[in-house]
Participant: 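Just dropping this structure here.
Atoms within each ligand, like the ligands themselves, are counted from 1 in listed order.
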Amino acid sequence: LKLSKITNNLIGQPMFALKHKIRQLELSGKKVIHLEIGDTDWDTPEIIRQAVIASLNKGETHYTASGGIIELKRAIIKDTRKEYGFSPSLDEIVVMPANAIIDFVIRCVCDKKDRVLLPNPCFPTYLAVVKYLGIKQGGNPKLVIINSPSNPTGKMMSVKEILSWMHSNKFVLLDEVYSKLVFDNIPKPNYSKVDRSRLIFLKSFSKTYSMSGFRLGYVICNKELAGKISLLFQTIFSCMPVFIQRAGIAALENEDTILPERIKYLKECRDLMVNGLSNIEGIECENPNGAFYVFPDVSKTRLTEDLLLRNGIAVLDGAYFGTKGNGHIRICFAKEKNILKVVLEKIRKLV
Ligand SMILES: Cc1ncc(COP(=O)(O)O)c(C=O)c1O
């Protein structure tokens, strides 16, 4: 078939390809421990699920306002004030899936001649989007993407570093998907004091509240850009389901009963994994400040994604995350501690 040129440059997200391969293995009877995809092992909290059921039962199953219902936007405004110290207006918020926001922001900010600066290593969707759009990286970028805490390293950037990008007169996409899953006391910039005209906040409900299947996120940016992102979303997707947005309201309104316990548990998992891996000969494992990944350097060992998978542990090869990921593996630790202990023991034996 002769398809369009962009189809030659579509690479998608490597974890979904691997997930398919693992599924085939499982169908043939192999037991696999899943540490590959960036997802928590826990059910979506009851109060969030109930909000969806109530919404469905009320008949909220039709088209709705494109860009987000006002009740969710109000909850987002309140949350933004609490987390970042400023209150966006309703027309500075667009509700849509977080992963799609990466694509939409790059398309609404950059032309083909423009450059984008990505972290290295970085979340693979950034690489997939610039590849299919034919946009080059580096140089004198029009758009800079910052992801703190980072996927895959869990590292956070210093306030000084973030501010230096924000003062550089470039568009800055702050991928804040893990902003509420932080273990160490690392200060954030005071966003109420900065020029936000080129600043773009990307948020997701997936990780913070175990809602990855809801596909719910939002972007906060100046209203001109938000209007264009909203039009693009409307062109492609019309609107987000109301019952999904009700879940978002429930998550934001109840996070004080959900989050502290989660962060405490994830911190314990982080410590378990970092200590466990660092004690294995040949493995170097840095301490992530947030998110739920460790990204150890295993280049001095025999460990690979393939070897681990053959031994029943699914992780991701660091090379998916860019050239600086070579020699690393990404392990998601948002799991039962007993499982993590089994994994550490298996890795110790394999090395
Ligand atoms: C850094 C980063 N940004 C964006 C996303 C996309 O989030 P979502 O799955 O909620 O669309 C992810 C998901 O893994 C991520 O790790």
Side-chain angles (χ1 to χ4, degrees), residues 11-19 34-42 44 48 68 72 76 79 94-107 116-130 143-157 162 172-182 200-221 229 233 236-237 240-241 244-245 247-248 251-252 266 288-295 314-318 320-322 324-325 328 330-335:
I11 53 173
Q13 293 189 55
M15 38 278 207
F16 286 102
L18 181 69
K19 231 178 157 37
H34 289 269
L35 309 177
E36 77 287 7
I37 202 123
D39 206 354
T40 56
D41 238 6
W42 313 302
T44 307
I48 299 174
L72 176 55
I76 290 170
D79 185 71
V94 189
V95 176
M96 58 185 280
N99 204 53
I101 291 168
I102 297 164
D103 174 90
F104 283 31
V105 166
I106 296 178
R107 275 199 279 165
V116 174
L117 187 66
L118 305 181
N120 186 1
C122 71
F123 177 50
T125 292
Y126 307 162
L127 299 167
V129 172
V130 296
L143 171 71
V144 178
I145 301 187
I146 291 176
N147 175 214
S148 173
S150 141
N151 176 6
T153 67
K155 287 274 167 205
M156 285 176 75
M157 266 182 155
I162 298 176
V172 177
L173 173 58
L174 290 168
D175 184 335
E176 293 277 298
V177 162
Y178 301 97
S179 67
K180 291 186 178 177
L181 301 176
V182 171
I200 304 154
F201 291 79
L202 158 55
K203 308 285 289 179
S204 171
F205 290 81
S206 299
K207 321 285 176 176
T208 323
Y209 315 102
S210 301
M211 289 172 63
S212 58
F214 286 68
R215 312 306 310 125
L216 185 63
Y218 54 94
V219 58
I220 301 173
C221 55
I229 292 173
F233 182 68
I236 296 169
F237 210 84
M240 288 294 284
I244 297 292
Q245 300 191 58
L252 293 176
L266 284 173
N289 311 114
F292 39 56
Y293 312 108
V294 276
F295 198 59
V315 301
L316 289 181
D317 187 330
Y320 298 141
F321 300 88
K324 290 201 179 148
H328 295 249
R330 193 196 74 175
I331 304 176
C332 173
F333 59 70
K335 307 282 154 183

Participant: Cation-pi check, R330 to Y293: give yes when NZ or CZ is under 6.0 Å from the six-membered ring centre and within 45° of the ring axis, no otherwise.
Facilitator: yes
Participant: Run the numbers for me: atoms of ligand 1, each under 4.0 Å from some heavy atom of V177, listed by number.
Facilitator: 3 (N), 4 (C)
Participant: Geometry only, no angles: is S204 polar-contacting ligand 1 at N/O separations under 3.5 Å?
Facilitator: yes
Participant: For atom 9 (O) of ligand 1, what is the nearest protein heavy atom, given as residue, atom name and distance?
Facilitator: R215 NH1, 3.2 Å
Participant: Going by atom types alone, do S179 and K203 pair a side-chain donor with an acceptor below 3.5 Å?
Facilitator: yes
Participant: Among all the protein's non-hydrogen atoms, which is closest to atom 7 (O) of ligand 1, and how far away is it?
Facilitator: A98 CB, 3.6 Å
Participant: For ligand 1, is there an atom lying under 4.0 Å from some heavy atom of Y178?
Facilitator: yes
Participant: Heavy atom to atom 1 (C) of ligand 1, shortest distance: which of I37, I145, D175 holds it?
Facilitator: D175
Participant: Around atom 13 (C) of ligand 1, find the nearest protein heavy atom and jot down its residue, atom name and distance.
Facilitator: K207 NZ, 3.1 Å
Participant: So which protein heavy atom does atom 5 (C) of ligand 1 come closest to, and at what separation?
Facilitator: F123 CE2, 3.4 Å
Participant: Which atoms from ligand 1 have a heavy atom of S206 less than 4.0 Å away?
Facilitator: 8 (P), 9 (O), 10 (O)
Participant: Under a plain distance cut-off of 3.5 Å, with no hydrogens placed, do T44 and S210 share a side-chain donor-acceptor pair?
Facilitator: no
Participant: With heavy atoms of N147 as the reference, note each atom of ligand 1 found under 4.0 Å away.
Facilitator: 1 (C)
Participant: Centroid separation under 6.0 Å, is that true for the rings of Y218 and F201?
Facilitator: no
Participant: Apply the side-chain contact (heavy atoms from CB on, under 4.5 Å) test between F321 and each candidate in N151, N120, L127; give the one that qualifies.
Facilitator: N151
Participant: In terms of side-chain heavy atoms, does Y178 have a donor or acceptor partner in N147 at a distance below 3.5 Å?
Facilitator: no
Participant: Please indicate whether K324 has more than 12 foreign heavy atoms, meaning atoms of other residues, nucleotides or ligands, lying under 6.0 Å from its NZ.
Facilitator: no
Participant: Mind telling me whether F205 and Y209 have parallel, tilted or perpendicular rings, with 30° and 60° as the class edges?
Facilitator: tilted
Participant: Can you tell me which portion of N99 lies within the under-4.0 Å heavy-atom range of ligand 1? Options are side chain, backbone, both, or neither.
Facilitator: both
